[in-house]
Amino acid sequence: MKFNRLLAATALASTFAITPQVAFAQTASDTAASSEGEEAPTTAGETKEGEIVVVGSRIRRSNLTTADPIQVITREETTSAGFNSTAEILQSAQVTGGTSQINNSFGGFVTAGGPGANTVSLRGLGTTRTLVLLNGRRIAPAGSRGQVGAADLTVLPNAILDRVEVLNTGASSIYGSDAVAGVINLVTRDDIKGVVLEAQHNVPEIGAGVTRRYSAVFGTRFEGFKIAGSVEYYNRDAVKLGDLDFTRCQRALRSSAANPAFGSADLIDARTGQPKCFGEISVTGDSGVTVNTIGTRDYAGTTVALAPGIPAGYGTLPTSAGYGTIAQQVCNRFRPNAAVTTGALPGYECVGGGLIPTGLRDTLPRNFFLGDVVSPGEQFNGYLQASLELPGLNNAEVYTEIMANRRKSKQTSGSRQLTIDYPLGSPLYSATQFPGQFLPAQAGGITGTNAIGVRAFTEYGPYENRQTVDFIRGLIGVRGDLFGDWRYDASVMRSWSDSTYETDTVLTDKIAQSLDVVSSGGTLVCRNTLNGCVAAPSLSANVVNGIVPQAWFDFISETTVGHTKYRETIANLTFDGSLFKLPGGPLSVALGVEYRKARIDDTPSRDSQANNLYGLTSSGITRGTDSVKEAFGEIEAPILADVPFFYRLTLNASGRYTDYKSYGSQWTYKIGGLWAPAKFLSFRGSYGTSYRAPALFEQFLGPTSGFQSQNNDPCNSYGTRDATSNRYINCQSLGLPTTYTATSSIRVNQQGGAATGLSAETSRAYTFGGVFEPNLGSFGRFSFGVDYFNVLVENGVSQLTYLNILSTCYDSAPADFKANQDTCALIQRAATAPYGLTVTTGYVNISNAAVSGIDFTARYQVPVFGGTFRLNAAVTKYDQRYSQTLPTDTIRNTIGAVNNPEWTGTFDASFKYDRFTLRYGVEWLDGTNTSAFQLGTTDATRATYYFQTPDYFTHSASVRYQGDKFGLVLGVRNLTNAALPQISSGAYNRIGNVPLYSGYDYIGRTFFVNVTTAF
């Protein structure tokens, strides 16, 4: 069935006969095998005329043949496909195999590198397990906030790129840390003479989200000297929630036992008769953000006005009313309603409490649709490369590369909840109208030791996160001949990333100061008048609805500013050449040493460090340094060539010794081989080990603390559990009464892993496959490749959540619990009432991850009608992908679940005639259906959710004209405006009702034009 879909999509593409896009470039080995004797492209990756160093090896070669499959993507293909940035190219389905990537739709989420950073994760194994290179050298991490640890794709140039090489397997023995899932190498051009101006606009049909890029590429060369460079400007407009139809009403979309229809169990808004809409983009449940609501003491439903949808005479008040009682049928959430003039609370109607569904509350903030689906950004990039020959020094050449980039980005959230806790008895509300307390004093709350009389769930309004990230990378080196064909290359590279990040916040101390008021001359003023304190507004319908005095809002709110610095220095010395000749050719060797040092310094605002950001977690200073010394070697032995059954037999081996200052030393190695029994058939494979040193933020993450709900205390109401269960026995062993009810928040402290001896992750990867390339003569050239891959990561670095720690400890065997082993050592509980909990979390070596599958590639090219027709296909079938946080966790293969398609494919057909090229492309994501086992739940529970997505196809088409001095590309992406799948809430983050997944095109049909002119 799957292959029928592939054939149908391929046939559709070929019907339109049109140029290969990025997704359908041939693999490097396919290129070599079908281009025997062709010269390698001239790029900045050259070492000698006609020789290149391809990704995954340090040995010079005349073609792209290696033991591992390498995908090559040319810039001509990317512009024909309509990509307008390097980040878009590297996050495309063919490069990533349909795995989810962090792009500009993740602005409202906590991501490594901070908001606005774009990263790449090969095979879905994580951004810090993918190594990104520029001309064979590392791109240092860049970004903002304390979790900078991966390359930010927004710093990379675009216009001067010649090609992108992708190696989808481990290569730490060649490159060192991070090359676990694979390596991406961007190669620039250096054959430029003159100036090329380029402009590209991508314009979505919805009228929002327009991207613009303008660039100039220049270069010249004369005797012994050459120089090339580029300057670029990129700008992206925002796409707001209000710009899209599918974000207008986020619903639960669940079914009921009585009616299995999709969405039949959704709440109906009694005021409109339509399904209830919720307003929080990042929520996985269906409660949304409560706004326009107050929380009070418990009231009987017979004494207050009830909102539409609540049965008349709702319940009775228990005999012992108040906080902490088991009150299932009471009212304690109300919203303003001027039409209510009678009852215990005139002006308010009940919308919640007890068993009343939380969805009956107002959960769609007024400004929600001002939030970003795609955040805006602006980038300035400059790149320069140059080389100068040194006469009389044995072909010595001094070379340099300089790259500078500034990213200015921001993310707007349509609204965030602002809770105003009025202290019990405060003159800011009527104690007669609202007698009693809503909640007791909360740890870290704004009422201090005072109980909360009334809580107003109001709306903060739109707020922004803003970043300015400056990245500079400078390289200088010298290379030349030694003796025979031996050469040397010595270089030093330094990278700087400096960022300033701002957040619109409310300060806890200021809102607390404003709520502590006294009467002065009949006016309520702050008891403490320092800092120009403005008294909080009295409770009113306007305040509850988020309409507050501007002077007060200005007093409590502040733009907090933090700074992040990341530095990386690399010194490298490499020698390569041949030792002697074998029957198949010279035995080639590369040897070298490398030193790397990196430093991170993230300093959040003082208020963030002091846990003074109201409703937000605190952040500590992340500051630390690590360094590594390495020695490496690689050997390639062409055993046989051009003999029967051994058209080519080549073996390759590499090894690296690593010594990190932080955790010590280790070895990694890799062996591989290529055997072609005949020119039309070859087999290849490799096996190797890799590693990932802990990122600096994982080692030195600044200590932070915060509070979590007491309801997550594992001993809360434990007396209702099975008396023979581990949790019951463990809680009882602490002396807690069986009637214990948690009343104090859980304090959660977070720290980096350096203090606990964090060490490197280790991994092993192997691939094997083959390429079939028959000689079709006048019928064209055809190649078909199949490669199996398997990667296992062990001793993985993972940050345990406080919930992981609590559940694992309290559900452990009583003997282990008593011995305070493993996760239990991270928990402290007070010996006396209220038996408060403190949990310490951090990064530890505890997780495992794995991925396996098969890559298929096919390419056909034939001269026809005076032109050239090409058909390309690249398909990946995943067998397994899982991430196991704890050794005791059940391994759940995620393949086939939402956001983890089993099959992904890209197809392309092109026809080139004279100066014109037509292309048609298709990207395909297999449909998914998350099982109960994958969710960790029962079939009965799973039946109430809809976690199934259909096959997703996006089509693109373009026409290209390339003259001597002028070029033009016109095209459209997502030609059919593919419908987006919808799923239930409860397990996956969504935008509207659509899964949050980089594989889906939220913007829809987009037209693009690219113009170049040369001088």
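Looking at R407, its side chain never comes within 3.5 Å of a backbone N or O of G377 through a donor-acceptor pair.
Ion pairing between a basic and an acidic side chain is recognised when a charged N comes within 4.0 Å of a carboxylate O; D372 and R236 show no such pairing. With salt bridges taken as basic N to acidic carboxylate O contacts below 4.0 Å, one links R213 and E198. A salt bridge does not link D926 with K877: every distance from a Lys NZ or Arg NE/NH1/NH2 to an Asp or Glu carboxylate oxygen is 4.0 Å or more. With respect to the salt-bridge test (charged N to carboxylate O, under 4.0 angstrom), the residues D908 and R870 do not qualify.
Environment of OH in Y913: sparse, with no more than 12 heavy atoms of neighbouring residues, nucleotides or ligands closer than 6.0 Å.
The CZ atom of R75 lies 7.0 Å from the CG atom of L161; values are rounded to the nearest 0.5 Å. Atoms CD1 and CD, from I1003 and E205 in turn, are 12.5 Å apart once rounded to the nearest 0.5 Å. Distance OG1/T976 to CG/N974: 5.5 Å, rounded to 0.5 Å.
Scanning all heavy atoms of the two residues, the minimum distance from N104 to G116 falls at OD1-O, 4.2 Å. Across all non-hydrogen atoms, the minimal contact from D152 to N118 is OD1-N, 3.0 Å.
With no hydrogens or angles considered, a side-chain donor-acceptor pair links Q101 and T99 at under 3.5 Å. Donor-acceptor pairing under 3.5 Å is lacking for the side chains of Q962 and R915. Using modelled atom types and a 3.5 Å distance limit, the side chains of Y988 and T930 yield a donor-acceptor pair. Side-chain contact annotation: S121 with T130, donor-acceptor N/O pair under 3.5 Å absent.
Of the candidates R254, R251, K276, D266 forms a salt bridge (charged side-chain N to carboxylate O under 4.0 Å, His left out) with just one, namely R251.
Ring-plane geometry between F768 and Y788 is classed as tilted, the angle between the planes lying from 30 to 60 degrees on a 0 to 90 degree scale.
In this structure Y882 satisfies the side-chain hydrogen bond (donor to acceptor under 3.5 Å, both in side chains) test with no other residue, sequence neighbours excluded.
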